[in-house]
Amino acid sequence: MRLSRIKVRNYRLHHELEVALDPRLTVLRGPNEGGKSTLMEAIQRALFMKSATGGKLHSEMRSANFGGHPEVELDFEIDGNHYTVIKHFKGNGGTTTLRQHGGEIWQDAEAEEHLDGLLGTDVHSQRASKDRIREPWAHLLVLQGESGQDPSKQLTASHRADLLSRFQESGGGIVQQSETDARVAEAIRKQVRETFTDKRRTESKGSALAQAREDLDRSRRAESEAREELERLLVAIETYETSIADIAQQESAITNQKGALQTIEDKLEQVRKLDAAVTSQQSALKSVGEDHDRLTGEEEAIRALRTQIRDVTDEIEPKDSERKSLEAKLARQRENLGELDIRVKSAEKAAAKARMVLELHRGRAERHRLQDASKDLSKIKAKADRLVEERQAARKSLATLPEIDSEALTALKDSERMLRTAEATLSAISAGLEVSESDAEIEIGGERVSVGERKLFSEPVEISVGGSVRMTLTPGGGTSLKQATAEAAEARASFERSLQSLAVQSVGDAERIQADRLRLEELVDRLTNELDEIDGETLGESIAENEEQLEGVRAIIVRLAEQTGNDDATADLKTIRADMREAEERKTEAEDEERSLRSQREVAVGELERLEQQIKSLADEVSGAIQKRDELTGALKMRIEQNGDDATRGQNMDRLREALREEQGNLDVLQSELKALQPEILEQDRTRYLRAIEKARERLEEARSARDRAQGELSRGGASNPRERLATASAQAIRLESEVERIERHAHALRMLDDLFTEEQDRLAQAYTAPLVEKTSEYLRCVFGSDATLRVELDGTEFRDLGLSRELDGSGTFDFDALSGGTREQVAAALRLAVAEILAEGHGGTLPVVFDDAFTNSDPERTRDIQRMLDLAASRGLQIIALTCSPGDYQDLGATEVTVNAKLQKPERASTLEVRDETVASTSDLESHFLEVLKDEGGRSGNQSLREALGWEDATYDAVKNSLVASGQISLGRGRGGSVVLPD
Amino acid sequence: MKAIKFVHTADWQIGKPFGSITDEEKRQRLMQCRIDAIGRLANIVTESGSSFVVVAGDLFDSPTVTDATVSATLKQVGVLGVPVHVIPGNHDHGGPAGIWARRHFLHEQEALAPNMHVHLECAPVELDDAVLLPCPLLRRHEAVDPTAWIRDLDWAKVSDKPRIVLAHGGVHGFTTESDEEDTGGTANRISLERLPAKELDFIALGDWHGTMNVDSNAWYSGALEQDRFPKGDDYSAGNALVVSASRSAEPNVTIERSGSVRWHRATFHFTDDAAMPTFETQMDELLGNRVGEDLLELETDGALGFSAMEMLHRKLDVWAGRLIRIKLTNRVQLAPTDLEIESLTHRQSDPVISRVASELKKRATGSGGDAELARQALRELYLAVDR
């Protein structure tokens, strides 16, 4: 089948267009929206759409711009016969004309039936739909945007059947499965599917196997619950019985332990008693020990006392004998001292005599001197006596003169001068009054004064004249006249007294007497001085004293001379002095002798005193020792009195030693008894038993409460038998287990069968698909190189697992869906060409294959290869029609090129209103279309869905519907929004 | 010396759940059969003129049986009419938490079965015409011989009436038999040889569920109603013993049937498909047309083809309906006949089936899991093609 020419009129955007198609390669080029695809649709509808089709399919074909119904005219050729089909789409009134060139003409239904026959389809007898129109050539017409889809999925059952029959024909001797094969395989497959999911590996829910498994699980749960319950009950029984036994055991244990504890307590009591006994025994022992110690101490004290007494006694004897020898020595010393005393006395006498002699001679010398002095004194006495007489005469003359010295004379002169002065002053200051004439009595100072009288006043005086005048007269301005008068009197008196006291008559007398007195006084002084020079005053005393001394010396000489008998009163001073020197020597010798003897005596006295001291000290020591011995002896005596004599004490000591041994023995016995009881272990045992009893009581309580709990658990039983429940549940589980196993075995056996059937069927399918694979691969090699092969599986009658295999470059096989968009387009194209080539055999050796912009995703560098593939297809008899908006892609194809651009054909654009008018004008068309579509809907439809199926506006739909209801061609039905119904 | 007659029974195990029977109705029926057996025991007592019954332990299956079971049992015991002397066994041991101490039991004993005497002490019990020497188990597992106390009895003080020992446990060679027991080998062991044989006139034993004369005067009565598949050909259970005993004489023992349920054990070897009819005949003979009275433990082995195996399964399904239980150990291997295999591998018109069958045939040789699976797959294919 080959297309030769297409012509459209009033078809969508085409007003009128005619295109001649090359039998081998045609490229239809034009811009997007230029009407290329519309042309393809027109070809499909010319071939596969019932011309009497209304509704949307019809209305969408109609041009929005041009009036008139769409019309398509198509020339084609099959098996060398040329045909023209003309379809005039006028809704339900569409017409079809089929004309065989140089032959018959068929009209409408007949024409369409004949057309179906030519094309091997069955589309015109059915109501048209988009799918139905598209289906027959879906594998040949590659629409825009579908070029990358898996073409095997677009093959209809009839295509596949067609293909399979072609495969069988081409495959020659290849066997095909029988009906029985298919039936059995299907039956088995069905069973497998009931058990497993599509993938056939997991069990599907709701299958018998899954059901059995669920039952088994349930049953196992029930079993486990029953087991738990039974175990709980058995545990309760066990607990109850063991706790009862335990209670008994613990009770008996407690009794035993209490017995044991009592025994221990008894022993502990014994221990306590023994402890007390030991303590008391220890104190008894101690007491005896103390007695023993005390007595031992006494014994030692006595022994010590005795030793001390002996020592003291030993001390006394030597000291006493030493004292005695010292006393003898003392006696001798006293004798010696007596002799010395005598010698001292005689020396003393000798010395005294020597000193008397010396005194005698000194007296003689003194007497000599005193006798000389007495002669001198008598001469001086005579001179002194004459001087005294001269002075006595002077003193007598003096005594006759008044005693006027220079001071008295001066004072007399002063007194005389003061008298003269005072008298002068008085006469200078006194006032005088003299009454010369007066007829009035005048009184002065109360004394009547007569005329011519004169009065002197030295002091203030009141003067009255008559009875009416009185006045006061004050002389000298004050009172001094009186004072001056007094002073003058005084001065005179004083001068008078001075003259009297000096016993003179005048100052001249006084001056001459005073000169006499001076001369006499000077004579007296001179005589006195001369006397003083010779001690004249005391000379008498000195003569008396000398005489007295002479008298005393003469008496001493007499007394000494009587004792010594040696006075030579005539010896001169020289001899006397020689005697004196000799006596001096005699006295010194005697005194030295005396002094030496006295010193010897003092030494002897010292020795004597020392001896006396030693003797006293020894005597003290001896008496001290004796006293100590007496004390010690007393103490000893007392101790012996207290503790008895030696024998008694010895017995006592023995007795105490014995008692000590005995008490110690008793103590040892007690202690060993105590030790034998092992008190520390007893205490430990006691603690242990107390603890054990406590623990046993705890266990007893535990056992009791366990018993009570178990009893509670047991008392709930009786209504059902858990053992029975478990037994049935277990058996049920076992049964279900084997059931599951059985079903599983069965299912696996079936699956094995199914697998084998599938395998076998696949193997057959593989044989079928070989030609398809081979042909497609030839196309693929044009594009992908010599190693490219197609992979496809035939599953029953369906293709699956489409893929591209590249053996050489080692990249393996790729699933179709995993390929890139461009590669998918190319692989899909190769498969379409192969399928078309195979199917072409049933269509006069050729079929058109249309690619409508089918390689938009392919790389530009692939276009050369794609053109090679298309050229190969054309060379094998296929008619290739390529639609493109970029004609450069097919530059090297060497195809006939036709430009399709509706925009260039368009006359003026018609108004929408005009189209409407035209549509509305044909009411009968609308009504018949309404009825047609309603019929297709099954004679009954909701208004809404029908209106949508018609593609009408509400107003149009309602108008047509109402008209049809009015004419009784339809009736109204119920339903939401209303419905319409065709009458039966 | 006057002989006394009494019935010796044991191991009633009332309340045994028989959990392995998954059909609840059948399970309940089987449990009820055990209570009903007491009624048949009443007949034996009456017919034999026995003056009392001794139950040598395990009257109840467990200490946990329901109160309802206790009541139903005691009601039946009351019907027996004569004194019933019971000792606890290992299943219903006499502990303080045991069934015998349960308040409900004590109440129902007084109300429904005053003739029932439970002996919980090891001490001689003097009856009118006999002396009982009960050896109760007070624990589930007694480590010491429960009859030990009898050895040291001062026989001079024991009455000269026939002396009957009641004990529960295993004796030499017959240790406890129950397959669900978990006792150690030495628990509840009775040393008969250590008992003073001359002093004792009958030893009524319980625990072993088959009737068994273990010594001149020692017997296991066996379970009152059989409760398990027989262990051997000479295994007999579901009996009670009528004992005629007198002092210092051999007892006279009669075995009486008390059970009603039949427990069968069978094995069959399928040499080939031809053995199928023989198997059917044998089974028919064994089971007859009875319904709800039998239990069968069946072991099969050998090999069968697809059709014969299918037939066997259909037959088993029938028995599963009729019998109280069928415990099947089926080791029969699927061994399709050559004809059956060829019917699959030689299908000229169905290439896929023949190829699949050939592959399976290849895989089915051998004995591994995959081979077994392949055989099963072959069978499924066979059935699918045949359908």
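Lettering follows sequence order; numbering is per chain, from 1. A quick note: this is a predicted structure, and the numbers were derived from the prediction, not measured.
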In Å and rounded to the nearest 0.5 Å, what is the [atom1] to [atom2] distance from [X] to [Y]?
X        : Y        : atom1 : atom2 : answer
B:Ser62  : A:Ile237 : OG    : CD1   : 7.5 Å
B:Thr22  : A:Gln732 : OG1   : CD    : 6.0 Å
A:Leu756 : B:Leu360 : CG    : CG    : 5.0 Å

Which atoms of [X] are under 4.5 Å from chain B, going by heavy atoms: the side chain, the backbone, both sets, or neither?
X        : value
A:Ile244 : side chain
A:Arg723 : both
A:Gln191 : side chain
A:Ser730 : neither
A:Arg183 : side chain

Are the side chains of [X] and [Y] in touch, meaning some heavy atoms are under 4.5 Å apart?
X        : Y        : value
B:Arg27  : A:Glu724 : yes
A:Phe757 : B:Ile353 : yes
A:Glu760 : B:Glu359 : no

* Pair B:Thr66-A:Asn721, side-chain hydrogen bond (donor to acceptor under 3.5 Å, both in side chains): steps then yes or no -> CA-CA 5 Å; B:Thr66 64; A:Asn721 186 353; over 6 Å; no

Taking atom [atom1] of [X] as the centre, does the number of heavy atoms from other residues, nucleotides or ligands within less than 6.0 Å exceed 12?
X        : atom1 : result
B:Lys361 : NZ    : no
A:Glu774 : CD    : yes
B:His313 : NE2   : yes
A:Glu186 : CD    : yes

* Contacting region of B:Ala357 [heavy-atom separation from chain A under 4.5 Å] ->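 Looking at B:Ala357, nothing touches chain A.
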
Nearest heavy-atom neighbours spanning [X] and [Y]:
X        : Y        : result
B:Ser20  : A:Ala731 : CA-CB, 3.2 Å
A:Ala749 : B:Leu373 : N-CD1, 3.6 Å
B:Ala377 : A:Met752 : CB-SD, 4.1 Å
A:Tyr240 : B:Ala97  : CD2-CB, 3.4 Å

Among [options], which has the most heavy-atom pairs under 4.5 Å with chain A?
options                               : answer
B:Glu24, B:His104, B:Arg363           : B:Arg363
B:Arg139, B:His93, B:Arg375, B:Arg347 : B:His93
B:Gly15, B:Ala68, B:Gly95             : B:Gly95

* To do: Among A:Ile188, A:Asp754, A:Leu753, find the residue that satisfies the side-chain contact (heavy atoms from CB on, under 4.5 Å) test when tested with B:Glu380.
  =>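 The single option meeting the side-chain contact (heavy atoms from CB on, under 4.5 Å) with B:Glu380 is A:Leu753.
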
* With no hydrogens and no angle check, is any side-chain donor or acceptor of A:Asp181 less than 3.5 Å from a backbone partner on B:Val352? ->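 Yes; judged by distance alone, with no hydrogens or angles, the pair exists.
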
* Asked: Between B:Glu372 and A:Arg745, is the closest basic N to carboxylate O distance under 4.0 Å?
  ->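 No.
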
